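The block underneath contains the structure these notes are about, expressed in structure tokens.
Model, not experiment: these values are computed from the prediction. The figures here come from the full heavy-atom set of this structure, side chains too, leaving out hydrogens, waters and symmetry mates. In this chain, residues are counted from 1 in sequence order.
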Amino acid sequence: MSARRHVLILGGTTEARRLAAELAADPGLLVTSSLAGRVAQPRLPAGQVRIGGFGGVQGLAQWLREHRVDALIDATHPFAEKISFNAAEAAALAHTPLLALRRPGWVSGPGDRWHEVGSLAEAADLLPSLGRRVFLTTGRMGLAAFAGLDELWFLVRSVDAPEPPCPARMEVLLDRGPFTVEGESELIRRHRIEVLVTKDSGGPATSAKLTAAREADVPVVVVRRPPVPDGVPVAPDVAGAVAWLGSLG
């Protein structure tokens, strides 16, 4: 009986959990999902799970070798730039095939008032010209970029409570998607939101806010996602990742 192939998934996303569930059902595969540990109560995927960092590029490369990983799939959040580049370097060092699983980004449509920027800092610079009551949906990790905007009021939504530095005038809403257009529209109406800020995460779980903003004629500041490291193949969905894994033989 041949040994099972070991697949390491760098996870934390909906796609990562779906991929783990599909691969774990294959008796020929050993599936390990790695979570960063930034969420207090993460949704655990099927298969084996490890939580915490690897200790940089060298630590991940060593883990890949020691655990005889046959394939590495980076299914982290589109904005988890550091781990994606670490994964590319570590996979090259360990000679481990690597795939990036990335859901497609959002695309604006008729009626959308989008302002695309390259960073949270650029978003903060633009905000005062667009509105004074801001719905901030970029997560709890980047609030420092908005901490100096004392003249603005923020509705900050995140899974876990944010830590300082934070905007001086803000209300925190702890919630986790998926969200509905009706719910997002109600938030915009009740809090008299004048501008929405979001990262281009893609996917349907959190896209309802974009529809709600369009219907309310609210401008949206969209932070563009960082690129995938050069030379790393990309699959847009779980089916594409499974097909790539099958192509490895």
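One finds the CZ atom of R176 at 13.0 Å from the OG1 atom of T206 (value rounded to the nearest 0.5 Å). Note that OG of S33 and CG of L23 are 8.5 Å apart. Values are rounded to the nearest 0.5 Å. In this structure, the separation between CD on E184 and CD1 on I193 is 10.5 Å, given to the nearest 0.5 Å. Between R103 atom CZ and H77 atom NE2 the span is 5.5 Å, to the nearest 0.5 Å. Between atom CG of residue L155 and atom CD of residue E171 there is a gap of 6.0 Å, rounded to the nearest 0.5 Å. L152 contributes atom CG, which lies 10.0 Å from atom CZ of F146 (distance to the nearest 0.5 angstrom).
Among all heavy-atom pairs drawn from S84 and T76, the shortest one is OG-OG1, 3.6 Å. Between A16 and I9, the shortest heavy-atom contact is CB-CG2, 4.1 Å. The two residues P233 and L99 make their nearest non-hydrogen contact at O-CD1, 3.4 Å. What you find for G47 and A24 is that their closest heavy atoms are N-CB, 4.2 Å. Across all their heavy atoms, A145 and A121 have their closest contact at CB-N, 4.2 Å. Across every non-hydrogen atom of R17 and G12, the tightest pair is NH1-O, 4.2 Å.
Counting non-hydrogen atoms of other residues, nucleotides and ligands closer than 6.0 Å to CD of E151 gives a total above 12. Atom CZ of R68 has 12 or fewer heavy atoms from other residues, nucleotides or ligands within 6.0 Å. Counted within 6.0 Å of CZ on R18, heavy atoms from surrounding residues, nucleotides or ligands total 12 or fewer; the atom is thus considered open.
Hydrophobic clustering (side-chain heavy atoms under 4.5 Å, transitive across Ile, Leu, Val, Met, Phe, Trp, Tyr) keeps V181 apart from L187. Note on V156: it does not cluster hydrophobically with V159, by side-chain heavy-atom contacts below 4.5 Å among ILVMFWY residues. Hydrophobic cluster membership is shared by V117 and F79, with clusters built from Ile, Leu, Val, Met, Phe, Trp and Tyr side chains linked at under 4.5 angstrom. No chain of hydrophobic side-chain contacts below 4.5 Å, direct or via other Ile, Leu, Val, Met, Phe, Trp or Tyr residues, connects V69 to V31. Transitive grouping of hydrophobic side chains (ILVMFWY, heavy atoms separated by less than 4.5 Å) keeps F135 and F154 in distinct clusters.
Residues V223 and L120 are in side-chain contact: their nearest non-hydrogen atoms beyond the backbone lie under 4.5 Å apart. Counting only heavy atoms from C-beta outward, the side chains of L44 and L35 approach each other to under 4.5 Å. When side chains are defined from C-beta on, F179 does not count as touching S207, because their heavy atoms never get closer than 4.5 Å. At a threshold of 4.5 Å between non-hydrogen side-chain atoms, the residues V228 and R102 count as touching. When side chains are defined from C-beta on, L30 does not count as touching D70, because their heavy atoms never get closer than 4.5 Å. Between L149 and P128, the closest side-chain pair of non-hydrogen atoms falls below 4.5 Å. T138 is listed as a side-chain neighbour of K199, based on a closest heavy-atom distance under 4.5 Å. In this structure the side chain of L72 never reaches within 4.5 angstrom of the side chain of D74, judged on heavy atoms.
At distances below 3.5 Å, not a single donor-acceptor pair connects side-chain atoms of D112 with backbone N or O atoms of W114. Within the 3.5 Å criterion, the main-chain N or O of E182 finds no donor-acceptor partner in the side chain of E186. Between the S158 side chain and the A161 main chain, no donor and acceptor come within less than 3.5 Å of each other. Here the side chain of R133 pairs no donor or acceptor atom with the backbone of V195 at under 3.5 angstrom. Put simply, the side chain of E194 gets close to the backbone of R132: a donor and an acceptor are under 3.5 Å apart. One N or O on the side chain of R113 and one on the backbone of D217 form a donor-acceptor pair closer than 3.5 Å. Counting only distance, with no hydrogens or angles, the side chain of R50 and the backbone of G52 share a donor-acceptor pair below 3.5 Å.
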Between W106 and S201, is a side chain to side chain contact (heavy atoms under 4.5 Å, CB included) present by the stated rule, with each step listed?
-> CA-CA 7 Å; W106 291 318; S201 301; 4.2 Å; yes

Using the side chain to side chain contact (heavy atoms under 4.5 Å, CB included) rule, take M170 and V134 through it: C-alpha gap first, then chi angles, then the decisive distance, then the call.
-> CA-CA 9 Å; M170 73 172 187; V134 184; over 6 Å; no

Given R5 and L248, is the side chain to side chain contact (heavy atoms under 4.5 Å, CB included) satisfied, shown in steps?
-> CA-CA 11 Å; R5 289 193 297 162; L248 298 179; 4.1 Å; yes

Stepwise side chain to side chain donor-acceptor pair (under 3.5 Å) check, R157 with T137 = CA-CA 5 Å; R157 181 166 67 195; T137 65; 5.3 Å; no

Check step by step if side chain to side chain contact (heavy atoms under 4.5 Å, CB included) holds for V197 and L127.
-> CA-CA 9 Å; V197 183; L127 278 181; 3.6 Å; yes

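Just one of V221, V222, V220, I188 meets the side-chain contact (heavy atoms from CB on, under 4.5 Å) condition when paired with L196; it is V220. Shown are L10, L19, V242, L8; of these, the side-chain contact (heavy atoms from CB on, under 4.5 Å) with I73 is made only by L19.
Ring pair F54/W63 is perpendicular by interplanar angle, where above 60° counts as perpendicular and below 30° as parallel.
Side chains of T32 and H6: a donor on one and an acceptor on the other come within 3.5 Å.
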